[in-house]
Engineer: 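My structure is below; once you've seen it, I'll send some questions.
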Amino acid sequence: QVQLVESGGGSVQAGGSLRLSCAGSGYTHSRKSMGWFRQAPGKGREGVAALYTGGGTAYYADSVKGRFTISHDNSNNTMYLQMNSLKPEDTAMYYCAAGGPGRWMYGDSLTRADFNYWGQGTQVTVSS
């Protein structure tokens, strides 16, 4: 059973930084898609960033390009999201997800349908 556990959320002022972590276990495949999504109150779940552990170009939503960096440490099955220059509109619950090769790898947007496993979420709050 795949388990994903997020950590690293918190409250920061605008312009600050946070690093989220997602510790994974129970995988049966070493190569997989890993992604970060977020959901603000009253809004749908938005794809933020994704990567494929087998290599290739990472995906970033336009709203976070140049500010967020996704990475994955294969040695400990942990994914990270470094978030810099945070804005109040980045406030949301952040979820990590895992799945097989996804359509985002071929130019589509990052969607929930490409991911089978989800963490419980970690809250990020950015104040102005």
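Quick caveat: nothing in here was measured; it's all calculated off a predicted structure.
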Engineer: Hey, mind stepping through His72 and Asn74 against side chain to side chain contact (heavy atoms under 4.5 Å, CB included) and telling me if it holds?
Structural biologist: CA-CA 6 Å; His72 185 266; Asn74 290 334; 2.7 Å; yes

Engineer: Do Tyr60 side-chain atoms and Ile70 backbone N/O form a donor-acceptor pair below 3.5 Å?
Structural biologist: yes

Engineer: Heavy atoms only: give me the nearest Leu81-Ala49 pair and the separation to one decimal.
Structural biologist: CD1-CB, 4.2 Å

Engineer: Quick one: pull up OG in Ser17 and CZ in Phe68 and give me the separation to the nearest 0.5 Å.
Structural biologist: 9.5 Å

Engineer: For Tyr95, is the NZ or CZ atom of Arg45 found under 6.0 angstrom from the centre of its six-membered ring and inside 45 degrees of the ring axis?
Structural biologist: yes

Engineer: Applying side-chain contact (heavy atoms from CB on, under 4.5 Å), name anything that partners Thr78, two or more places apart in sequence or on another chain.
Structural biologist: Ser21, Ala23, Asn76, Tyr80

Engineer: Please say whether the positively charged group of Lys32, taken as NZ for Lys or CZ for Arg, lies over the ring of Tyr52, i.e. under 6.0 angstrom from the six-membered ring centre and within 45 degrees of the axis.
Structural biologist: no

Engineer: About how many Å separate CG of Leu51 and OH of Tyr59, when rounded to the nearest 0.5 Å?
Structural biologist: 13.5 Å

Engineer: Determine whether a donor-acceptor pair (N or O, by modelled atom type, separation under 3.5 Å) exists between the side chain of Glu6 and the backbone of Gly121.
Structural biologist: yes

Engineer: Below 4.0 angstrom, N of the basic side chain to O of the carboxylate: do Asp90 and Lys87 qualify?
Structural biologist: no

Engineer: Under the side-chain contact (heavy atoms from CB on, under 4.5 Å) test, which residues partner Ala40, sequence neighbours left out?
Structural biologist: Lys43, Ala92

Engineer: Between Arg67 and Ser85, is there a donor-acceptor pair closer than 3.5 Å when you use the side chain of the first and the backbone of the second?
Structural biologist: yes

Engineer: Any side-chain heavy atom of Ser63 within less than 4.5 Å of one from Arg38?
Structural biologist: yes

Engineer: What distance separates Arg103 CZ from Asp114 CG, expressed to the nearest 0.5 Å?
Structural biologist: 4.5 Å

Engineer: Roughly how far, to the nearest 0.5 Å, is CD of Gln123 from CE of Met93?
Structural biologist: 5.0 Å

Engineer: Has the side chain of Thr122 got a donor or acceptor atom that lies under 3.5 Å from a matching backbone atom of Ser7?
Structural biologist: no

Engineer: Once rounded to the nearest 0.5 Å, what's the spacing between atom CG of Leu86 and atom OG1 of Thr91?
Structural biologist: 8.5 Å

Engineer: Roughly how far, to the nearest 0.5 Å, is OG of Ser109 from CD of Glu46?
Structural biologist: 10.5 Å

Engineer: Is any side-chain heavy atom of Gln13 less than 4.5 Å from a side-chain heavy atom of Val126?
Structural biologist: no

Engineer: With a 4.5 Å limit on heavy-atom distance, are the side chains of Ser71 and Met79 in contact?
Structural biologist: no

Engineer: Any donor and acceptor pair, going by atom type alone, linking the side chain of Gln3 with main-chain N or O of Ser25 inside 3.5 Å?
Structural biologist: no

Engineer: Less than 4.5 Å apart, side chain to side chain, heavy atoms only: is that true for Val124 and Leu20?
Structural biologist: yes

Engineer: For Phe37, what residues pass the ring pair (Phe, Tyr, Trp, His ring centres under 6.0 Å) criterion, not counting sequence neighbours?
Structural biologist: Phe115, Trp118

